[in-house]
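Since the structure comes first, as structure tokens, the remarks are kept for the end.
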Amino acid sequence: MTPQKNTTLGEFIIENQSEFRYSSGELSRLINSIRLAAKVVNHEVNKAGLVDILGDAGDTNVQGEDQQKLDVYANNAFIKTLTNREIVCGIASEEEDDFITIKGRNEKNDNKYVVLIDPLDGSSNIDVNVSVGTIFSIYRRVTPEGTPVTIDDFLQPGNKQVAAGYIIYGTSTMIVYTTGHGVNGFTLNPAIGTYYLSHPNMRFPENGTIYSVNEGNYVHFPQGVKDYIKYCQSEEEDRPYTSRYIGSLVSDFHRNMIKGGIYIYPNTAKDPNGKLRLLYECNPMAFIAEQAGGKASNGFERILDIQPTELHQRTPFICGSLNMVQKAEAFMQKHKRS
Ligand code: P6P
């Protein structure tokens, strides 16, 4: 049943609590804590040009990327909010070299969930006032409650996620998430700080005419990706398609889910495993894509079935409208995996 528009996020969580297998209320509290952190980050993102929060934080993260001040701010805001709510037993973040262990009120490790997060995706867009986002992925721990979390709690395949979502700080601020029962989008009314259900039961159109890829790297792409891009640009049938690339995965994904489209970040000689991180970018976006009727792979296998081996591992990523992803995979699979 499609939920009614204008339901608030809080009402929606309560109304759908029973849908969640472990309906102990903890996941609801977890989603609520993400909602709060998103408001805090949104407040800073929206006034980034006005305060000394732009520019480089003077440090680099584990990815070797310059940390923007808002990266650090967003990372701290989500970690602080998730820690204070005593629901998670561990957090892994793009901005943290290793995972963070969180103890409960009684100094025990008896919370049930781990959260993996890209606190500010697309941060290179911050200084030029282009939309950015937060991506989150939630799992139940696999190690015994009461014991300290281990890396095994984080290295779970994406098909074990219990929830995933993103916040997009764009012309409006939205939370889009799934708990495995479809995808719903909530838009923030900044005047009162409340999120309202604006996009119930979001679905990827099966077909689309938008392709999102950084064509500046074209010469370094695998042959199958080059062939697919030339297919998109050919004058036959319903083509040429339109090329749109924002430089923020959350923004390109969100537009493609609404209008129909495909996002591709392939491997290259420079980045043999691609650029995007499996655990806190590709797995959550793949879970959302599949829940919305779309598809996500590395060109050869389903993203959600990849067994992770490292916290910050990368993967080639193809995601979007079902028929477009299948077409791209067909081109890629004509060539041996590079
Ligand atoms: P490039 C942002 O850093 C990000 O992880 C995605 O959000 C975005 O789509 C991609 O990298 C942009 O990378 O190499 O095209 O600038």
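Just so you know, ligand 1 is whichever comes first in the structure, and atom 1 is the first atom listed for that ligand.
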Is the Lys NZ or Arg CZ of Lys336 less than 6.0 Å from the centre of Phe300's six-membered ring, within 45° of the axis?
-> no
How far apart are the closest heavy atoms of Gln161 and Asn283, and which atoms are they?
-> NE2-O, 3.0 Å
Listed partners of Glu236 passing salt bridge (Lys or Arg N to Asp or Glu O under 4.0 Å), at least two apart = Arg239
Can you sort out the partners of Arg255 under salt bridge (Lys or Arg N to Asp or Glu O under 4.0 Å), two or more places apart, ordered by chain and number?
-> Asp252
Taking salt bridge (Lys or Arg N to Asp or Glu O under 4.0 Å) as the test, write out the residues that go with Asp121, two or more places apart.
-> none
Per-ligand residue contacts, ligand 1, heavy-atom threshold under 4.0 Å = Asp121, Gly122, Asn214, Tyr245, Gly247, Ser248, Leu249, Tyr263, Tyr265, Lys275, Leu276, Arg277, Glu281
How are the rings of Tyr241 and Tyr211 set relative to one another: parallel (under 30°), tilted (30 to 60°) or perpendicular (over 60°)?
-> tilted
